Amino acid sequence: MGRTAHQYLIFETAAGFCGIAWSERGIARFQLPTRSAEATERLLLRRVPGAEPHEPPEAVAEAVSEVKRYFEGQETDFSGVELDLEEQDAFFKQIYTAARKIPWGRTTTYGALAKELGAGPEAARDVGQAMAKNPVALIIPCHRVLAAGGRVGGFSAPGGASTKLRMLELEGVRVGPPEPAQQSLAF
């Protein structure tokens, strides 16, 4: 099977420089913000070698506008964005489809997402792996998928878990240690 030609764009947002790569099928890669255009381009091209810089088609330009709005703290919805997930395995595609339905300002857990797919709790690890390998972070909102007990869980983007927390805070979601249980009084 011949590889699809990819094109890409590096652009600035309120949070830093993002990168987006696409094929004729849709958006294939998204790079969360870094501090420099060069660093973002290097990270993006590591995942889509041979991609050429290009002006985006209208659908990609609309996604770029939505990303800019997102990092300004405005509610966005990427669920209608056309994606090119051809290189993903079938179960990961199912996980990504389910994750795309998690709305702005909401979270779920790896286990709950696995259950929604009709898989047992043992599939939570697969969900976690799919989120870690998400080729289009933010557009597939893996930052909204948490570990059991509301713990943040991993995040493979630059900045790791702190980036995940900042993205959730943009959406008005506070994630932190649960409030301590009230201590029983000893008499």
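Residue indices begin at 1 and follow the sequence shown. This is a predicted model, so every value here is computed, not measured.
The main-chain N or O of G159 is found under 3.5 Å from a side-chain atom of S162 such that the two form a donor-acceptor pair. Under a 3.5 Å cut-off, the side chain of Y96 and the backbone N or O of C142 do not form any donor-acceptor pair. Remark: side-chain polar atoms of R100 are not paired, donor with acceptor, to backbone N or O of I140 under 3.5 angstrom. In this structure, the side chain of Q31 does not engage the main chain of G19 through any donor-acceptor pair within 3.5 Å.
Of the candidates V60, V67, V136, I20 forms a side-chain contact (heavy atoms from CB on, under 4.5 Å) with just one, namely V60.
A salt bridge (charged side-chain N to carboxylate O under 4.0 Å, His left out) check over residues 117-134, counting only residues at least two apart or in different chains, returns nothing.
Side-chain contact between K164 and L146: present, with at least one pair of heavy atoms (C-beta onward) separated by less than 4.5 Å.
E52 and H6 share no donor-acceptor pair across their side chains, judged by distance under 3.5 Å alone. Between E75 and Y70, the side chains place no donor N or O within less than 3.5 Å of an acceptor N or O (distance only, hydrogens not considered).
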Worked verdict on E12 versus K68 for salt bridge (charged side-chain N to carboxylate O under 4.0 Å, His left out): CA-CA 8 Å; E12 194 168 8; K68 289 179 179 183; over 6 Å; no
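Looking at every heavy atom in both residues, A124 comes nearest to A114 through N-CB, 3.8 Å.
Shown here is R69, whose CZ atom has more than 12 heavy atoms of other residues, nucleotides or ligands within 6.0 Å.
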